[in-house]
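Below is one structure, written out as structure tokens; comments come after it.
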Amino acid sequence: MSWAVIARQDWTLTVGERSTKYLLGLLGFVVVVTAYVYPIGGPGPHTTGRFGGVVHGSLTTLVPIVGVLLGYNAVVSERESGALRLSLSLPHSRADVVFGKFLGRTAVVAVALVASLAVAGFLVVYPFGELEPLRYLAFVVFAVWFAGIWTGIGIAASIAAATKRRALVLALFVFFVFVMLWDTVDSGVTLLLDFAGLIDGELPGPLQFYFGLEPGRVFGRLTDGFVDPSATVEGAWYLGEWVALVLFALWLVVPLGLAYRRFARGELA
Amino acid sequence: MTAIEATEVSKRYGTVVALDRVDLTVPEGEIFGFLGPNGAGKSTFINVLLDFVSPSDGSVEIFGHDCHAEGVTARERIGVLPEGYSVFERRTGRQHIEYAIESKDADDDPAKILDRVGLDPADAEREASDYSKGMAQRLVLGMALVGEPDLLLLDEPTTGLDPNGAAEMRDIIREENERGATVFFSSHILEQVEAVCDRVGILQDGELVAVDTIEGLRESLGGGTKLVITVDNMENGTLEAVRGIRGVETAVEREESTLEVTCTNDAKMDILVELHDAGVDVVNFRTEEASLEDMFIEYTGTDR
């Protein structure tokens, strides 16, 4: 249980950091305020499932930035300073360090998410809303999972890069491409193909699948498919929520796995 | 059982050879001093032991476990003071020791360990990132002592320590060895190696040029006699002439008009005769036993 020791130490260190408190405070604040406003804002019925469909919009922007900012310095800062040498002089493997850090930091975001979504659920249900326990539970699980994916991407940057600055650039680059640029590129391509008369307002299935690979969209399809009763997932089978579930699992494993392979072979001199 | 077994270990960085076919066996229970000038490859060798760096060729085992393939198992029985480390941010000294205890699954009392390495309770509750280099060195030595390791691996352990601290470090090394631990430590400071080591290995440009006991090294240096000769003036070619005498190991000009010659006992007279024949007047001369430092210079060809 070597990774558990690392995870525990990392949890304590991460929680103690002021920037963590600000980031998680912001996340919690947005979730709770959305929940507070939600019953006032739109027409009913107000349910926790529908709320999932609403709050997932802000989560797809906020969770990625929180995740990469928490993750990017997890390993590289200790590597730069030399503290990593102390950990790896002890009977820990590099995999233990990476997995421990991943668990420690994901746990920090997870606790903040679960706590704020619990408060949010209460605000939605009380006084006139309806609780859909299974759907809401699924949403919380997806949200935590999504946080794990982005923390994992941050940590992947942290172990792939040799310096803290490069890790930050790499992590922010991925964030920027997926969260800020992706939709624009999607619309651009759609518009272009539409203008050229190749399509009629909608991208062909394979291209939709390609653009749908982005973690936030996968999260969206899962929310639409499993959580929000007012939404449906349309299109070919490979655009469905079950395929999204598989993609979600891949997002958790692949970036970290690829970066780890590099890290495991690399030299720490 | 051997504590460390290195077989033909080489490490190349492009065209630079950091380690050149190093063969080394350190038996259990020994204090082994790993000596060499800075940049000779000492740290590279220790980095290979710790799997921070993988060798280009060859392999290293600790207690029969390959350092790369079974790194974690290999490190379970060792205590390490690596070079180029830094302590963890925002963790007290005590928390560092506790981290080592948890990591090694040991049941040491942090207070005892801290006391042993000379950190008082007030220091132990301070954040280790505020420590001086010497205190950090004591702390990490403490982490190394956790769990009564069978092998202590110390890379330049006295760096940052004052003479007092260095003496305490030597005491701890001796105590650990009496308990039964093998100690492997690197240093470029010769007195320390001389003071505690059963055997030393001298590394030069990545090559292990000598492995022997201190006495053995002395013997291999022609009985270890050193002549310090003061002459009135040095003539060109005198040094070469002295070097040509049978039994002379080295001859160097120390200062203006002072020669240092290491040689066998019988060669002493020949040297004085040779100088006389060359027209050099000997003002004064004395003999000394060769120190480890002379051997070191002899072997590595460098002044530190």
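Note on naming: letters A, B, ... go to the chains in the order of the sequence lines (proteins, then strands), and numbering restarts at 1 for each one. Here the structure is a predicted model, which means the values were calculated and not measured.
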Quick one: pull up [atom1] in [X] and [atom2] in [Y] and give me the separation to the nearest 0.5 Å.
X	Y	atom1	atom2	value
A:H92	B:R75	NE2	CZ	9.0 Å
A:L90	B:L50	CG	CG	10.5 Å
A:Q9	B:R91	CD	CZ	4.5 Å
A:S89	B:L49	OG	CG	11.0 Å
A:R85	B:L81	CZ	CG	11.5 Å

Query - Distance-minimising heavy-atom pair for B:V140 and A:L86 - result: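 Minimum heavy-atom separation between B:V140 and A:L86: CG1-CD2, 3.6 Å.
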
Query raised in the report: Which one of B:P82, B:S43, B:A74 has the most heavy-atom pairs closer than 4.5 Å to chain A?
Result: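 Most heavy-atom pairs within the cutoff with chain A belong to B:P82.
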
Query - Winner by heavy-atom pair count (cut-off under 4.5 Å) against chain A, out of B:E83, B:E98, B:M143 - result: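 Counting heavy-atom pairs under 4.5 Å, the top option is B:E83.
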
Query raised in the report: Would a 4.5 Å heavy-atom cut-off, applied to side chains only, mark A:L268 and B:V53 as touching?
Result: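 When only atoms from C-beta onward are counted, B:V53 and A:L268 do not touch, as no gap falls below 4.5 Å.
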
Query - Heavy-atom side-chain contact between A:S2 and B:V72 under 4.5 Å - result: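 No, their side chains stay 4.5 Å or more apart.
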
Evaluate whether atom [atom1] of [X] has more than 12 neighbouring non-hydrogen atoms of other residues, nucleotides or ligands under 6.0 angstrom away.
X	atom1	answer
B:D107	CG	no
B:R179	CZ	yes
A:R262	CZ	no
B:H65	NE2	yes
B:R126	CZ	yes
B:R116	CZ	yes
B:E89	CD	no
B:E148	CD	no

Query raised in the report: Stepwise, does the side-chain hydrogen bond (donor to acceptor under 3.5 Å, both in side chains) test hold for B:Y99 with A:S87?
Result: CA-CA 9 Å; B:Y99 177 58; A:S87 284; 2.8 Å; yes

Query raised in the report: Just by distance, do the side chain of A:E267 and the backbone of B:F52 share a donor-acceptor pair under 3.5 Å?
Result: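 Checking the backbone N and O of B:F52 against the side chain of A:E267, no donor-acceptor pair under 3.5 Å is found.
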
Report task. May I ask you to decide if A:L13's main-chain N or O and B:R90's side chain share a donor-acceptor pair within less than 3.5 Å? Result ->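 Answer holds: yes.
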
Report task. Specify which of A:S93, A:G266, A:G82 makes the most heavy-atom pairs with chain B at under 4.5 Å. Result ->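 Most heavy-atom pairs under 4.5 Å with chain B: A:G82.
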
